[in-house]
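Remarks on the structure that follows.
Per chain, numbering begins at 1; letters A, B, ... match sequence-line order.
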Amino acid sequence: MLLIDLARTSAAVAADSARLAKIRHLAELLSRVEPAEAEIAVAYLSGELPQRQIGVGWATLRDLPGPRQIASATLTEVDALFTQIKTQTGPGSQAVRKALISDLFRSLTSQEQSFLLRLLGGELRQGALNGVMIEAVAKAASVPSAEVRRALTLRGWLPAVGAAALTGGVEALRSFHLEVGRPVAPMLAQSAPNLPAALLKIGGPVAFEWKLDGIRVQTHRSGDRVKVFTRTLDDITPQVPELVDAALSLAADDLVLDGEVIAMRPDGRPEPFQVTAARVASKLDVERLRETTPLQVFFFDALRVHGKDMLDLPDSERHTALEQAVPATLLIPRLVTADAEEATAFYTDALRRGHEGVVAKSPATPYAAGRRGAGWIKVKPRHTLDLVVLAAEWGHGRRQGKLSNLHLGARDPHTGDFVMLGKTFKGLTDELLTWQTEHFPTLADGPTDTAVVTLRPELVVEIAFDGVQRSPRYPGGLALRFARVLRYRPDKPPTEADTIETVRSLLL
DNA sequence: TTCCGACAGTGGGGTCGCAAT
DNA sequence: ATTGCGACCCCACTATCGGAA
């Protein structure tokens with residue numbers, strides 16, 4: 001199949017806003033792809049590469065050659081080139097990558113170029129990713145989408161599942177099993193603003209567990225072989241030897257566990273997320289890091305114990321099996337209750353100990369991997385501050401032509417100036433975006449046709465955020481975590497905005 | 001007819017390892 | 001030695017479609 005076929009389909013998908021129409025376009029193409037190219041087609045049209053990453057980003061994609069008129073590139077050829085690019089390494093490799101990409105682009109039409117630019121840039125922007133592609137695969141292969149979903153849960157990689165469905169139908173999909181050593185799509189949580197809301201969503205008794213601010217880890221053990229995967233199914237086994245040891249210390253030797261790994265201080269309080277993230281990302285001298293920044297693992301779910309798959313069992317049964325297989329020191333604290341007061345005490349205790357919050361779980365739900373079902377609901381405290389808008393950036397994609405990303409500042413009471421604490425584009429409605437775009441030019445302190453439009457510090461905005469972290473980037477050495485807009489405060493003058501000292505006092 | 005679950009999109013800060021400067 | 005880049009860790013929120021109620 002030709003790349004231009006995919007590029008045309010992608011354009012048609014982007015042009016139709018209805019999901020069912022997108023699915024029709026995708027299914028039409030998938031139903032005529034050769035078996036050998038099925039995985040490539042499913043990958044490209046859902047924004048992935050069969051190679052996952054090939055070391056090419058936006059910087060490499062700048063200043064590429066112009067298009068030609070005739071489309072001739074096949075999927076197989078492009079895929080082979082991407083594999084070649086991925087294998088480049090060592091001095092000079094970046095230049096080779098760039099040369100290979102340039103050669104490819106010289107042979108492409110403008111429609112093919114546009115498609116690959118978005119694909120390699122990681123922003124397909126056709127309104128169809130995994131969720132829509134699952135339906136398209138099901139339609140093209142004439143199989144129920146539930147079968148595709150089930151296989152995807154167990155395999156964790158849609159291009160492989162899609163290719164299996166297209167070439168082998170339901171039978172091929174049913175051959176996917178939980179395989180020890182191969183990661184499963186992790187179950188994700190929804191969020192609720194507070195405990196009562198979480199209790200209400202689930203109803204009946206609820207299992208509450210501490211939410212630790214660390215890194216999600218899926219741990220597989222078969223005999224003396226252990227593998228550890230992140231939320232995005234990347235293998236981090238070499239970086240977490242403590243976790244490998246913990247898994248090997250268990251009596252059960254055929255298991256898959258879900259948990260969180262986190263760096264703990266000697267006094268038992270958790271390190272800030274930055275410390276855990278740096279530790280887990282480090283690949284050099286892990287043995288030394290093990291002493292300076294030890295990791296601890298806390299398991300909260302069991303997908304397989306003693307060789308028995310438990311994904312379809314209710315949470316309460318999985319947890320019973322977990323308790324039997326894992327000592328209490330390796331378990332996340334958990335309380336099952338229907339009582340709001342007990343739940344509140346558990347929550348405040350978790351926060352007092354420095355943790356992020358709690359996750360409320362329905363004892364009845366199976367391990368619904370890969371979907372944010374209502375089975376798990378996270379609850380975290382929310383802080384707010386009144387900050388000053390220092391600048392705004394022009395948006396991209398559906399925010400093209402709108403002033404979007406806000407630069408936020410806190411007041412310095414000594415100088416009267418404002419100290420930048422980060423940016424946010426979250427929480428803005430279309431109405432607010434339109435208002436900003438019309439109103440901000442009247443506040444502009446300079447040109448408005450630049451990427452960043454500087455404003456006079458006159459507008460106060462109420463911002464919600466999860467916490468304060470140390471920043472090497474901003475002048476105050478502080479940044480807000482997960483900042484989002486709640487509302488503008490035209491009633492409040494900037495001289496009454498919150499101060500940098502208030503923000504600093506939140507860094508504990 | 002209305003409601004609501006699922007999905008895609010829009011990006012945020014921090015950190016690492018590697019290659020280039 | 002420092003900078004730029006790609007990748008990946010954490011993540012909130014809104015708009016939209018279309019099936020469920």
Fill in: Distance, rounded to the nearest Å, where A:Leu507 contributes CG and B:dG13 contributes P
17 Å
Worksheet item: Which residues pass the salt bridge (Lys or Arg N to Asp or Glu O under 4.0 Å) test with A:Lys227, sequence neighbours left out?
Response: A:Asp235
Response to the item:
Here the distance between atom P of B:dG9 and atom CE of A:Met133, to the nearest Å, is 12 Å
Worksheet item: Is there a donor-acceptor pair closer than 3.5 Å between any side-chain N or O of A:Trp394 and the backbone N or O of A:Thr448?
Response: yes
Worksheet item: How would you label the contact of A:Lys423 with the nucleic acid (heavy atoms, under 4.0 Å): base, sugar-phosphate, or nothing?
Response: sugar-phosphate
Worksheet item: Toward the 5' end of DNA chain C, which comes first, A:Ile215 or A:Ala464, by nearest nucleotide?
Response: A:Ile215
Item to complete: Figure out the NE2/P separation between A:His407 and B:dG13, and round it to whole Å.
Response: 8 Å
Worksheet item: Would A:Lys98 and A:Asp63 count as a salt bridge (charged side-chain N to carboxylate O under 4.0 Å, His left out) if you check the C-alpha gap in whole Å, the side-chain angles of each, and the deciding distance to 0.1 Å?
Response: CA-CA 10 Å; A:Lys98 176 86 182 183; A:Asp63 304 320; 5.6 Å; no
Worksheet entry | No-hydrogen, no-angle side-chain donor-acceptor test under 3.5 Å, A:Glu123 and A:His396 | no
Item to complete: Specify the separation, in whole Å, of atom CD of A:Gln190 and atom P of B:dA6.
Response: 7 Å
Worksheet item: Now, which nucleotide makes the Watson-Crick or G-U wobble pair with B:dA20, with each of the two distances under 3.5 Å?
Response: C:dT2
Worksheet item: Is it the case that A:Ser10 and A:Gln126 place a side-chain donor and acceptor less than 3.5 Å from each other?
Response: yes
Fill in: Phosphate OP1/OP2 of B:dC7 contacted by A:Arg149 side-chain N/O (<4.0 Å)
yes
Worksheet item: Between which nucleotides of DNA chain C, read 5' to 3', does contact with chain A run, using atoms under 4.0 Å from its heavy atoms?
Response: C:dC5 to C:dG19
Worksheet item: What pairs with A:His355 under ring pair (Phe, Tyr, Trp, His ring centres under 6.0 Å), at least two apart in sequence or on another chain?
Response: A:Trp210
Practice prompt. Check the distance between B:dG9's C1' and A:Arg19's CZ and give it to me in whole angstrom.
Written response: 13 Å
Worksheet item: Contact class for A:Lys380 (heavy atom, under 4.0 Å): base, sugar-phosphate, or nothing?
Response: sugar-phosphate
Item to complete: Determine the contact category for A:Thr424: base if any of its heavy atoms lies under 4.0 Å from a base atom, sugar-phosphate if only primed atoms, P, OP1 or OP2 are that close, otherwise nothing.
Response: nothing
Discussion item. Against the six-membered ring of A:Phe273, is A:Arg481 placed for a cation-pi contact (under 6.0 Å from the centre, within 45° of the normal)?
Written reply: yes
Worksheet item: Base, sugar-phosphate, or nothing for A:Gln400, non-hydrogen atoms under 4.0 angstrom?
Response: nothing
Worksheet item: Can you name the residues that form a side-chain contact (heavy atoms from CB on, under 4.5 Å) with A:Leu486, not counting sequence neighbours?
Response: A:Arg382, A:Thr384, A:Glu462, A:Ala464
Item to complete: Return the orientation label for the A:Phe440 and A:Trp435 ring planes: parallel under 30°, perpendicular over 60°, tilted otherwise.
Response: perpendicular
Item to complete: Provide, to the nearest angstrom, the distance between the NE2 atom belonging to A:His396 and the P atom belonging to B:dG11.
Response: 6 Å
Item to complete: Measure from the side-chain heavy atoms of A:Arg398 and tell me the nearest of B:dG13, B:dT10, B:dG14.
Response: B:dT10
Practice prompt. Select base, sugar-phosphate, or nothing to describe what A:Ala18 touches, counting heavy atoms under 4.0 Å on all strands.
Written response: sugar-phosphate
Fill in: Salt bridge A:Lys211-A:Glu356, side-chain N to carboxylate O under 4.0 Å
yes
Discussion item. On DNA chain B, does the nearest nucleotide to A:Val132 precede the nearest nucleotide to A:Gly395 from the 5' side, or the other way round? Give the residue.
Written reply: A:Val132
Worksheet item: Nearest nucleotide by nearest heavy atom, which residue falls closer to the 5' end of DNA chain B, A:Gln274 or A:Gly127?
Response: A:Gly127
Worksheet, complete the sentence: The salt bridge (Lys or Arg N to Asp or Glu O under 4.0 Å) partners of A:Glu39 (sequence neighbours excluded) come to none
Discussion item. On DNA chain C, does the nearest nucleotide to A:Asp234 precede the nearest nucleotide to A:Phe482 from the 5' side, or the other way round? Give the residue.
Written reply: A:Asp234
Worksheet item: Counting any heavy atom closer than 4.0 Å, what does A:Val280 reach on the DNA or RNA strands: base, sugar-phosphate only, or nothing?
Response: nothing
Worksheet item: Base, sugar-phosphate alone, or nothing: which one does A:Glu123 contact when heavy atoms must sit under 4.0 Å apart?
Response: nothing
Discussion item. Can you pull out the residues from residues 89-98 of chain A that lie within a 4.0 Å heavy-atom distance of DNA chain B?
Written reply: A:Thr89, A:Gly90, A:Pro91, A:Gly92, A:Ser93, A:Gln94, A:Ala95
Worksheet item: Reckon A:Thr276 touches a base, only the sugar-phosphate, or nothing at all at heavy-atom distances under 4.0 Å?
Response: nothing
Fill in: Side-chain N or O of A:Asn405 closer than 4.0 Å to phosphate OP1/OP2 of B:dG12
yes
Worksheet item: Considering only side-chain heavy atoms of A:Lys283, which listed nucleotide, B:dG14, B:dG11, B:dG17, is closest?
Response: B:dG17
Fill in: Whole-Å distance separating the CD1 atom of A:Ile54 from the P atom of B:dC18
19 Å
Worksheet entry | Between B:dG17 (C1') and A:Gln53 (CD): distance, integer Å | 15 Å
